[in-house]
2 protein chains.
Amino acid sequence: MPSPGSTPAQPGRRPRGRPGHDRAAVLRRAIALFNVQGYDATSVSDLAADLGVTKSAVYHHFASKEDILAAALDEALTELDALVAAAQAASDRSARERLEETVVAAVGILVEHRAAVTLLLRVRGNSAVEQAALARRRHIDAALAALVVEAVDEGDVRADVPAEVISRLVFGMVNSLTDWYEPGGRSGPAALAAAVRGVLFEGLGARSRVS
Amino acid sequence: MPSPGSTPAQPGRRPRGRPGHDRAAVLRRAIALFNVQGYDATSVSDLAADLGVTKSAVYHHFASKEDILAAALDEALTELDALVAAAQAASDRSARERLEETVVAAVGILVEHRAAVTLLLRVRGNSAVEQAALARRRHIDAALAALVVEAVDEGDVRADVPAEVISRLVFGMVNSLTDWYEPGGRSGPAALAAAVRGVLFEGLGARSRVS
DNA sequence: GTCTATACGGTGATAGAC
DNA sequence: GTCTATCACCGTATAGAC
């Protein structure tokens with residue numbers, strides 16, 4: 001495959017033609033705009049104006065507006081698929097251990113791919129593209145729930161609450177990070193992941209042995 | 001009170017005009033549609049068709065599409081304001097105790113006014129109405145965060161995580177209920193509230209004294 | 001390879017006539 | 001209270017400039 005049209009553009013060496021945006025740059029701005037204004041409320045004109053080009057330029061990079069959304073959702077889903085795969089592997093470790101690591105890793109993904117994940121979490125299945133994304137997400141959620149079931153069965157996670165509910169609550173808390181976490185915040189991703197892990201697995205109580 | 005708009009039930013003597021929907025009925029359907037399709041993706045035509053009337057009939061009850069949104073958001077915000085007021089009162093009790101009760105009450109509101117709260121949680125401030133709602137919501141969030149600070153100061157909630165972060169995580173978990181809880185589910189609201197309280201304050205660990 | 005100009009069919013919100 | 005006309009703007013297609 002002799003480089004089919006993709007990125008000869010090394011920094012400092014403009015290949016040819018105009019100094020415009022490439023597909024990845026358009027996608028990045030689109031995700032940002034979709035998150036601020038909402039997908040439906042964002043017109044291709046908005047995106048083009050934000051990039052400083054015309055609508056047609058946007059349609060040069062993507063076949064349709066929905067195609068942009070699909071690419072954005074794919075970014076998030078690819079990361080989450082990898083998360084699930086990692087959680088299912090290494091089954092020599094206890095489910096509880098893998099669950100804790102999965103929560104920590106999920107926080108990392110939320111932070112690193114915040115914009116794409118935020119978009120994914122807001123999808124409501126209002127089109128074929130969105131429904132496909134929801135289906136992939138359901139698969140991921142089911143795998144995470146199965147991990148919780150394992151941990152409950154092994155006796156390392158409380159059994160007085162249905163595992164399905166626990167799974168929803170755990171990843172509901174993790175996902176809620178997209179609503180407020182700012183990359184430039186006071187506490188970094190590592191501290192945040194530790195906080196989530198601590199609150200979830202140890203509870204809110206003061207750190208004391210007795211009581 | 002001479003039956004305000006509802007069921008005059010006098011044969012052959014309609015009170016006025018047609019047997020159409022009243023404002024509350026329109027609002028209820030609107031909230032449902034907004035949640036399924038998204039606010040922006042829902043046109044007034046959609047709503048009118050769903051109600052079986054024309055667009056203009058909808059505009060008779062509400063001045064604009066945004067006005068419908070404002071009414072919906074007000075329902076949720078009114079409930080949450082009451083929640084905050086209750087949490088701040090009774091300050092003879094410990095902050096931890098009031099926090100636990102607030103969490104339980106919040107779950108109740110989420111369940112009972114799920115549709116309106118869901119709408120509120122999706123607002124991004126894309127218009128004056130939405131910005132006003134966001135401002136009210138920020139005020140509520142701040143009050144809840146202050147309650148957590150109190151509980152930390154009293155030594156009843158862990159201090160190794162910033163109170164602000166704890167507050168976000170706690171109510172992030174609570175708010176995530178809107179994404180999956182179905183009123184007809186197997187576990188009722190009371191069991192759900194108990195589950196959330198338990199997971200948050202005791203942690204996910206198996207119920208055992210000796211570990 | 002990236003962008004501009006232009007146009008078209010469709011639909012939304014809304015105002016004004018009935 | 002309802003119907004209709006209007007008009008702005010949407011997503012998309014095509015043809016060509018740099």
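Just so it is clear, the structure is predicted and the values come from calculations on it, not from any experiment. All chains are named by letter (A, B, ...) in the order of the sequence lines, taking the proteins before the strands, and each is independently numbered beginning at 1.
Note on A/His21: every side-chain N or O is 4.0 Å or more away from OP1 and OP2 of C/dG1.
Within a 6.0 Å radius of CD in B/Gln131, other residues, nucleotides and ligands contribute more than 12 heavy atoms.
Looking at residues two or more places apart in sequence or on another chain, you find a side chain to side chain contact (heavy atoms under 4.5 Å, CB included) between B/Asp153 and B/Val149. In terms of the side chain to side chain contact (heavy atoms under 4.5 Å, CB included) criterion, B/Arg186 has no residue partners (sequence neighbours excluded). Residues meeting the salt bridge (charged side-chain N to carboxylate O under 4.0 Å, His left out) test with B/Glu164, sequence neighbours left out: B/Arg168.
Salt bridge A/Arg96/A/Glu150: absent, no basic N to carboxylate O contact under 4.0 Å.
Taken from CG in A/Leu80 to CZ in A/Phe171, the straight-line distance is 10.0 Å, to the nearest 0.5 Å. How far CD of A/Glu97 is from OG1 of A/Thr102: 11.0 Å, rounded to the nearest 0.5 Å.
Residues in residues 40-76 of chain A take part in no ring pair (Phe, Tyr, Trp, His ring centres under 6.0 Å) pair, two or more places apart or across chains.
For DNA chain C, the residues of residues 44-73 of chain A within the heavy-atom distance limit of 4.0 Å (strictly under) are A/Val53, A/Thr54, A/Ser56, A/Ala57, A/His60, A/His61, sorted by number. Within a heavy-atom distance below 4.0 Å of DNA chain D, no residue of residues 27-37 of chain B is found.
Taking atom OH of residue B/Tyr39 and atom C1' of nucleotide C/dA13, one finds them 11 Å apart after rounding to whole Å.
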